[in-house]
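So that we are looking at the same thing, I have put the structure below in structure tokens.
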Amino acid sequence: MIRKTFEHEIQHVKDEVLLLGSMVEHAIITSVETLKKRDIKGAEKIITEDIEINKKRFAIENQLMILIATQQPMAHDLRLLASTMEIISELERMGDYAKGIASINVRMGEETLLKPLIDIPRMAQIGADMLHRSLTAFVKEDVEAAKAIPAEDDEVDGLYNQVYRELMLFIIQDPKTIERANWLLWVAHNLERVADRVTNICERTIFIATGEMSEIKGTDDEFQTK
Amino acid sequence: MQNNQPEIAIETKNLFIFYGSFAAVSEVNIKIEKQKVTAIIGPSGCGKSTLLRAFNRMNDFVPSSYVTGEILLQGQNLYSKNIDPVEVRRKIGMVFQKPNPFPKSIYENISWGAKINGFKGNMDELVEQSLRGAALWDEVKDKLKKSAYELSGGQQQRLCIARTIAIQPEIILMDEPASALDPISTLRIEELMQELKQNYTIIIVTHNMQQAARVSDYTAMMMLEKDGSRSGTVIEFSETKRIFTNPKDKRTEDYVTGRFG
């Protein structure tokens, strides 16, 4: 095979994207776990680790720039490198959502959770799982998987709506709960956004493999209209 | 109602180009749009230059060469019996890989072709116009009587372009026009092509894919036929942006991504 060096570099970039993805996945899951346990030290660790996520993203971006400048990628290679640039930015933003959840945990201080967390960990679990599989689809350029994963966002949206309604009830019944309800609402909102960004990764994967750029329908609505 | 159909400068219909019994190029059917740059790319020996030279009957100089099919310039087959190849070459000019100015002054390099073609207008004006058109005027206006050989390679190539446009062709063929030039002279020629296409249709053969990507509006990808006949053909012809971002044919993809071979 000619362009062995270039192929090798591309593989290296993909490995780095997987590594970044696993850092983000870990941050999402632990941000909710530490919230559930009200583990403030754990939350602070997530905030610090977000710096590593950002650094990794810039390191990959730099690698991509060097490849574009030195290898003059065309066609599939070009789509891959340009789309990877997008994907790492999505990943970094997902890391920010996890960091946001950790910050809420820290800001809550001595306050207790308004309610036991059931749907919120479920949202985190589904989101992280979708993320994991979307990156596998990206690496394998698995168009079928990339087309199927975004539909699971509906479940996350459903859970979000459920959490939202529940928290509104708390506020209506006792307006003094408004701040504690608001914290949880932000947590749920961040998790809902994670799943949306997974959809963007899937769209990019389809583009890399097929050259067709299209938006996967209806996944960016946090409130489902009936 | 406005007609949005692109205007076609030249078109090939079922074109085969032979050297003796060997079909160097087979079955080419392409329409070259007017006032656009069309690049012909492909690996060595796939018939790019042969196809290019067929457009102004330069292959006629190779004794055993002949074509079947048609090349139509405004509906007229360039290979019809009643067509004068010299007239074809007036309408379809050519710039070669290596600059080939005449061993004459800069001025005469331009005026000679015009004179032969019976130009009766103001020669000084034509020379200036042509040199300006080839983005060379400012560099040579004070030394028009000097030998063309005193110019640098890049300047000589632009002089050859000026010489070509002096006889006001409809189409300009360029066979690797920048491959003998340094990067700056190359970029100058590429910029010049963008200006020239305001008035002319350009067909360029290039080995430099980045150059094809930069300068052309359409790209024809040539490759040897799969049947082992060693005959070249156009396997994909499309907008350049498509060829370099999402080609249809796997062989084009392999070629533009550097995985051919």
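Only a predicted model underlies this, so the values are computations on that prediction, with no experimental measurement involved. Per chain, numbering begins at 1; letters A, B, ... match sequence-line order.
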Taking it one step at a time, do M74(A) and Q210(B) satisfy side-chain contact (heavy atoms from CB on, under 4.5 Å)?
-> CA-CA 9 Å; M74(A) 291 292 185; Q210(B) 273 69 45; 3.5 Å; yes
Under 6.0 Å from the CE atom of M168(A), do we count more than 12 heavy atoms belonging to anything else shown?
-> yes
For E253(B) and H76(A), indicate whether the former's side chain and the latter's backbone hold a donor-acceptor pair under 3.5 Å.
-> yes
Lys/Arg-Asp/Glu bridge criterion (N-O < 4.0 Å) met for D77(A), R259(B) | yes
Residues, nucleotides or ligands: over 12 heavy atoms within 6.0 Å of K31(B) NZ | no
Enter the distance from Q71(A):CD to T257(B):OG1 here, rounded to the nearest 0.5 Å.
-> 11.5 Å
Is W186(A) atom CH2 crowded by more than 12 heavy atoms from other residues, nucleotides or ligands, each under 6.0 Å away?
-> no
Taking N246(B) for the side chain and E212(A) for the main chain, is one N or O donor matched with an acceptor at less than 3.5 Å?
-> no
